[in-house]
Amino acid sequence: MRDLPKASDLLDWYDRHARDLPWRVPPAARLAGVAPDPYRVWMSEIMLQQTTVVAVKSYFEAFTARWPTVIDLANAADEDVMAAWAGLGYYARARNLLKCARVVTSDFDGTFPNDHDTLLTLPGIGPYTAAAIASIAFDQPETVLDGNVERVMARIFDDHTPLPKAKPVFHDYAAQLTPELRTGDYAQAVMDLGATICTPKNPACGLCPWRGSCAAWTAGTAAELPKKAQKKRKPTRFGIAYLARRVDGAWLLERRPDKGLLGGMLGWPGSDWNEAPSPAPPIRAEWKELNAEARHTFTHFHLRLKVLTALVPMDRKPDQGMFVEPGEFNRDDLPTVMRKAYDLASKG
DNA sequence: GACGCGTGGCT
DNA sequence: TAGCCAAGCGT
């Protein structure tokens, strides 16, 4: 039987190679007794769900500067938080972020719970995030299993079982390797390993501190792991967006319902996105169709969005939506697909 | 367990 | 280019 990799070898590597991230307390500081702020750990983990470090950084800085504590965030207006999240994607996270901040403030006196099971009851916190907060913020001996750890475990154990079926087994593997001490550093170390060495493509096995005990390295199968179930291909859907500009420069927008795609975000009035939309315009006007269409790809479909524009007089009342005054309107408050439509309309 | 849910970078 | 992928969660 091959020896299991040692947590201490990975921690030694992490002590030398830990990335410098805005939400991270470096290993030397942690060893010197500096404790992470659970609020910042939580905020970073929510933002990092299915989202790259590069994309998260500026949002994390903006959120923590504007709302330095969970109580500040709990007291924020919904529309301010949604606008600040615009562009980061998966907008249910922003709605749950606010819900969670308000629960922590009202039910936990503004202090994050430190145990996995209580964390798991909070909005937006699932198995991974509960384990991540418990370990990183509180050094509890919990095992994190994210996409990085899944890949590392598939390779260490050369397990070709396809995900997500393999998930429970991979969690068992990961739990076997989790140490009792320095669990916060360990959790970050194994994820750093996956992000920088044990990468999906072209893994840098020559630099890996666990290479000597990696079954996939021995078998030469690292690059083809983990196996995954086949994905469905994305259909193309079609839609229409109405961009009405009042003569004073105000834009006609609507707040989307909380549930569903882009829930809670601002958007242009228009059609549902399906086969052949033909919705009534949100306001009576001389509508002109732009030559170009906005193209955007969501998680599960491609969208081709026809953009219609109109200039309307001050006294014209809309049937749907609300005019947003020129001073109140910020392009960056919109989700990306709505920005694309705006960019087309404001140029053309 | 399967599906809905964003976005941008990389190959 | 078109698909793959990223510190997943809620239903």
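The shown structure was predicted, so the numbers you read here are calculated from the model rather than taken from an experiment. Numbered from 1 within each chain, the chains take letters A, B, ... in sequence-line order.
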* Asked: Any side chain to side chain donor-acceptor pair (under 3.5 Å) pairs touching residues 249-259 of chain A, not counting sequence neighbours?
  -> none
* To do: Rounded off to whole Å, could you give me the OH-to-P distance for the Y186(A) and dA7(C) pair?
  => 15 Å
* Results of salt bridge (charged side-chain N to carboxylate O under 4.0 Å, His left out) for E325(A) - residues two or more places apart only -> R246(A)
* Rounded to the Å, how far apart are K57(A) NZ and dA6(C) P? -> 18 Å
* To do: Using the six-membered ring wherever Trp is involved, compare the ring planes of Y242(A) and W287(A) and label them parallel, tilted or perpendicular (cut-offs 30° and 60°).
  => perpendicular
* Considering only the C1' atoms, how many Å lie between dG1(B) and dT11(C), rounded to the nearest integer? -> 12 Å
* To do: Let me know the distance between CZ of F301(A) and P of dG3(C), rounded to the nearest Å.
  => 16 Å
* Report yes if at least one side-chain N or O of H300(A) is closer than 4.0 Å to OP1 or OP2 of dG4(B); otherwise report no. => no
* Is the NZ or CZ atom of R304(A) both under 6.0 Å from the centre of the six-membered ring of F238(A) and within 45° of that ring's axis? -> no
* To do: Would you mind reading off the distance between Y91(A) atom OH and dG8(C) atom C1', rounded to a whole angstrom?
  => 17 Å
* Asked: Between atom CE in M43(A) and atom C1' in dA7(C), what is the gap in whole Å?
  -> 15 Å
* Asked: How would you label the contact of P335(A) with the nucleic acid (heavy atoms, under 4.0 Å): base, sugar-phosphate, or nothing?
  -> sugar-phosphate
* When the ring centroid of W67(A) is compared with that of Y39(A), is the distance short of 6.0 Å? -> no
* Asked: Taking NZ, NE, NH1 and NH2 as the nitrogens, is one of them in D333(A) or R339(A) under 4.0 Å from a carboxylate oxygen of the other?
  -> no
* Atom OH of Y14(A) and atom C1' of dA7(C): how far apart are they, to the nearest Å? -> 12 Å
* Would you mind classifying the nucleic acid contact of W23(A) as base, sugar-phosphate or nothing, using non-hydrogen atoms under 4.0 angstrom? => base
* Asked: Base, sugar-phosphate alone, or nothing: which one does K232(A) contact when heavy atoms must sit under 4.0 Å apart?
  -> sugar-phosphate
* To do: Decide if atom CD of Q176(A) counts as having more than 12 heavy atoms of other residues, nucleotides or ligands within a radius under 6.0 Å.
  => yes
* To do: List in chain and number order the residues that pass ring pair (Phe, Tyr, Trp, His ring centres under 6.0 Å) with W13(A), two or more places apart in sequence or in another chain; answer none if no residue qualifies.
  => H17(A)
* Asked: From dC5(C), dG4(B), dA7(C), pick the nucleotide closest to the side chain of L48(A)?
  -> dA7(C)
* Structure fact -> Expected list for residues 260-267 of chain A near DNA chain B, using heavy atoms below 4.0 Å, is G260(A), L261(A), L262(A)
* Is it the case that more than 12 heavy atoms not belonging to D332(A) sit under 6.0 Å from its CG atom? -> yes
* Asked: Quick one: the side chain of R19(A) and the base of dA7(C), do they pair up donor-acceptor inside 3.5 Å?
  -> yes
* Scan residues 131-150 of chain A against DNA chain C and write down, sorted by residue number, each residue with any heavy atom closer than 4.0 Å; if none is found, say none. => D146(A), G147(A), N148(A)
* List in chain and number order the residues that pass salt bridge (charged side-chain N to carboxylate O under 4.0 Å, His left out) with R331(A), two or more places apart in sequence or in another chain; answer none if no residue qualifies. => D343(A)
* To do: Answer yes when E286(A) and K288(A) have at least one side-chain N-carboxylate O distance shorter than 4.0 Å, and no when they do not.
  => no
* Asked: Nearest of dA7(C), dC3(B), dT7(B) to any side-chain atom of R24(A)?
  -> dA7(C)
* To do: Please list, chain by chain and in numerical order, all residues satisfying salt bridge (charged side-chain N to carboxylate O under 4.0 Å, His left out) with D185(A), sequence neighbours excluded.
  => R30(A), R182(A)
* **5'-most by nearest nucleotide on DNA chain B - G89(A) or N202(A)** => G89(A)
* To do: Please report, rounded to the nearest Å, how far the P atom of dT7(B) is from the CG atom of L334(A).
  => 11 Å
* In residues 61-72 of chain A, which residues come under 4.0 Å of DNA chain C by heavy atom? -> none
* Side chain proximity check, L193(A) to P209(A), heavy atoms < 4.5 angstrom -> yes
* To do: Please evaluate the base of dG6(B) for a donor-acceptor partner in the side chain of T299(A) within a cut-off of under 3.5 Å?
  => yes
* Asked: Hey, what's the ring geometry for W23(A) with F60(A), parallel, tilted or perpendicular (30° and 60° as the breaks)?
  -> perpendicular
* Please examine the side chains of H160(A) and T221(A), heavy atoms only from C-beta on, and report whether any two atoms are closer than 4.5 Å. => yes
* Determine the interatomic distance between P on dC3(B) and the same-named atom on dC4(C); round to the nearest Å. => 16 Å
* To do: Measure the shortest side-chain to side-chain distance between Y342(A) and S346(A) over non-hydrogen atoms and say whether it is less than 4.5 angstrom.
  => yes
* Distance between C1' atoms of dA2(B) and dA7(C) (Å, rounded) -> 23 Å
Hey, what are the protein-to-nucleotides 9-11 of chain C N/O distances that come in under 3.5 Å?
{"residue": "dC9(C)", "atom": "OP1", "partner": "G126(A)", "partner atom": "N", "Å": "2.8"}
{"residue": "dC9(C)", "atom": "OP1", "partner": "G126(A)", "partner atom": "O", "Å": "3.3"}
{"residue": "dC9(C)", "atom": "OP1", "partner": "T129(A)", "partner atom": "N", "Å": "2.9"}
{"residue": "dC9(C)", "atom": "OP1", "partner": "T129(A)", "partner atom": "OG1", "Å": "2.7"}
{"residue": "dC9(C)", "atom": "OP2", "partner": "Y128(A)", "partner atom": "N", "Å": "3.4"}
{"residue": "dG10(C)", "atom": "OP1", "partner": "G124(A)", "partner atom": "N", "Å": "2.4"}

Distances for protein N/O vs nucleotides 8-10 of chain B N/O pairs under 3.5 angstrom?
none

* Structure fact -> Quick note, side chain to side chain donor-acceptor pair (under 3.5 Å) partners involving residues 163-175 of chain A, not counting sequence neighbours, are D159(A)-Y173(A)
* Asked: I46(A) CD1 to dG8(C) C1': how many Å, rounded?
  -> 9 Å
* Asked: What nucleic acid atoms does K234(A) come within less than 4.0 Å of, heavy atoms only: base, sugar-phosphate, or nothing?
  -> nothing
* To do: Please name all residues satisfying salt bridge (charged side-chain N to carboxylate O under 4.0 Å, His left out) with K227(A), sequence neighbours left out, ordered by chain then number.
  => E224(A)
